[in-house]
Amino acid sequence: MHILQAIIMGIVQGLSEFLPISSSAHLVITSNLYKVLKNIPIQEESSQEIFIDIMLHLGTLIAVLIYFRKDIIEIIKSFIIAVKTKDFSDKNSKLALYIMLGTVITVVIAFPLNDAAEKLVFSPHIVGILLIITGGLLFSSEAYSKRLQEKSDNIDIKTSVIMAIFQGIAALPGFSRSGLTIASGLLCKKDRVTAARYSFLLSIPIILGASMVYPLIKIDMNEFAGYNWTAIITGTIFSAVFGYLCIKYFLKFVGRYSLAFFGYYCIIIGVFTFVFFKIYANGG
């Protein structure tokens, strides 16, 4: 793992984690393009590559924790008070329950998809197809939302469950987590900013859990000493910085503009990815 590669992947992760364009797909594309340029077989993946992917996600977790720190503190405070008083009528205490329920639903759906998700790392052309599907979902949800006369700015249990289901499905690279959750929020008649904010909050327990549990399961800790820690730490920092900037400006963007732009992007990148890697995989 070279430091330039880590920086590029950190920037890609920071920008694509919160934009509805699939960060996992872009990491797969970036990593495999690098292998193609360096004549490294696509099927080769080191434990260091797996670990830096986790660290890059940790970087975006830091970004969302910093950006939403006030919201998170208020949600935690409201939940503690609600537990003590046994009164969950407050908006923030309900939000805490919805996030916990959504996290459980996400894990139940995503866990069985884990093996398939890992195999897709070596099948970037299929990732391209899933990107195209993501683009189509963004278009359809936007079209539906535009026809609505009224949109809600409150998250309810039904919306939370549906968004969690889509977040679980997004365990597959190519299905954008933010794209699928925001789109499903629009289909539940929520406005774009409300859907986006809840999507980011819903991601926190999942990214945190994956960052702590996954290394213990998949990585041999004895290999840590041989890792390029300068590259890993640098990539993580870039991921956090660009992730924070992405959240800040993306929320402003969705408050004014349609998600159709990202739909076009996903379809274009998806077609390119499918064609390029399908030809490369066949030795064309």
Side-chain angles (χ1 to χ4, degrees), residues 17-18 20 23 57-58 60-114 137 141 144-145 148-171 175-214 243-244 246-248 250-252 254-255 259:
E17 174 65 32
F18 302 112
S23 64
H57 279 81
L58 183 60
T60 50
L61 173 63
I62 293 171
V64 75
L65 288 175
I66 293 175
Y67 188 88
F68 289 106
R69 61 191 181 279
K70 293 181 180 178
D71 301 71
I72 294 169
I73 291 172
E74 286 302 316
I75 290 172
I76 293 174
K77 284 182 178 178
S78 296
F79 180 72
I80 293 174
I81 293 173
V83 170
K84 291 180 178 179
T85 61
K86 298 181 181 180
D87 180 7
F88 288 87
S89 59
D90 178 74
K91 178 182 177 180
N92 283 325
S93 63
K94 287 182 179 179
L95 206 56
L97 291 176
Y98 296 159
I99 291 173
M100 287 189 284
L101 174 63
T103 300
V104 172
I105 293 172
T106 297
V107 171
V108 169
I109 294 174
F111 187 75
L113 298 176
N114 184 59
L137 182 60
S141 62
Y144 174 78
S145 182
L148 297 175
Q149 294 183 347
E150 294 184 6
K151 300 168 191 174
S152 172
D153 60 357
N154 287 318
I155 297 295
D156 51 46
I157 189 168
K158 176 184 175 182
T159 302
S160 176
V161 169
I162 292 175
M163 290 180 71
I165 291 172
F166 276 86
Q167 179 169 258
I169 296 171
F175 280 148
S176 165
R177 189 206 62 78
S178 60
L180 265 61
T181 51
I182 294 173
S184 60
L186 296 184
L187 294 174
C188 291
K189 303 181 180 180
K190 308 303 173 186
D191 64 70
R192 284 194 298 269
V193 174
T194 298
R197 289 180 69 87
Y198 184 70
S199 169
F200 297 158
L201 291 172
L202 186 62
S203 72
I204 293 174
I206 293 300
I207 300 176
L208 180 61
S211 300
M212 293 189 301
V213 175
Y214 200 83
Y244 181 89
C246 183
I247 296 172
K248 179 179 179 179
F250 178 65
L251 287 174
K252 292 181 179 179
V254 297
L259 294 175

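- Rounded to the nearest 0.5 angstrom, Ile165 CD1 and Ile109 CD1 are separated by 5.0 Å.
- Checking side-chain atoms of Ser160 against main-chain N and O of Tyr98 turns up a donor-acceptor pair under 3.5 Å.
- The pair Arg177-Glu17 meets the salt-bridge criterion, with a side-chain N (NZ, NE, NH1 or NH2) lying under 4.0 Å from an Asp/Glu carboxylate O.
- The aromatic rings of Phe200 and Phe68 lie tilted to each other, with the angle between the two planes from 30° to 60°.
- Taken from CZ in Arg197 to CG in Asp71, the straight-line distance is 4.5 Å, to the nearest 0.5 Å.
- The environment of Leu148 atom CG is dense: over 12 non-hydrogen atoms of other residues, nucleotides or ligands sit within 6.0 angstrom.
- If you take OG on Ser176 and CD1 on Ile182, they are separated by 7.5 Å, rounding to the nearest 0.5 Å.
- Minimum interatomic distance between Pro112 and Val107 (heavy atoms only, all atoms of both residues): CD-O, 4.3 Å.
- A 4.5 Å side-chain heavy-atom check between Ile75 and Leu201 finds at least one atom pair inside the cut-off.
- Here the side chains of Ile99 and Phe79 are not in contact, with every heavy-atom distance at 4.5 Å or above.
- Between Asp156 and the options Lys190, Lys189, Lys91, a salt bridge (charged side-chain N to carboxylate O under 4.0 Å, His left out) holds for only Lys190.
- By the 4.5 Å heavy-atom criterion applied to side chains, Leu95 and Tyr198 are counted as neighbours.
- Heavy-atom minimum distance, Val193 versus Gly255: CG2-CA, 3.6 Å.
- Taking both residues in full, the closest heavy atoms of Gly168 and Leu113 are given as O-CD1, 3.7 Å, listed atom of the first, atom of the second, then distance.
- The CG atom of Leu187 sits 10.5 Å away from atom CE of Met163, with the distance rounded to the nearest 0.5 Å.
- Looking at every heavy atom in both residues, Pro20 comes nearest to Gly179 through CB-CA, 3.3 Å.
- Of all the heavy atoms in Asp191 and Lys151, the pair that sits closest is N-CB, 4.0 Å.
- The closest side-chain heavy-atom distance from Ser184 to Gln167 is not below 4.5 Å.
- The shortest distance between side-chain heavy atoms of Ser178 and Phe18 does not fall below 4.5 Å.
- Annotation: the span from Ile206 atom CD1 to Leu208 atom CG amounts to 9.5 Å, rounded to 0.5 Å.
- Judged purely by atom type and a 3.5 angstrom limit, Ser199 has no side-chain atom pairing as donor or acceptor with the backbone of Ala195.
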Problem set entry | Steps toward side-chain hydrogen bond (donor to acceptor under 3.5 Å, both in side chains) verdict (Asn154, Ser152) | CA-CA 6 Å; Asn154 287 318; Ser152 172; 4.7 Å; no
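- Screening Leu61, Ile62, Thr60 for a side-chain contact (heavy atoms from CB on, under 4.5 Å) with Val64, the sole residue that qualifies is Leu61.
- Side-chain contact between Leu259 and Leu186 is present, with heavy atoms from C-beta onward closer than 4.5 Å.
- With rounding to the nearest 0.5 Å, the separation of CG in Asn92 from CD1 in Ile72 is 11.5 Å.
- Between Phe88 and Leu97 the shortest heavy-atom distance is CD2-CD1, 3.5 Å.
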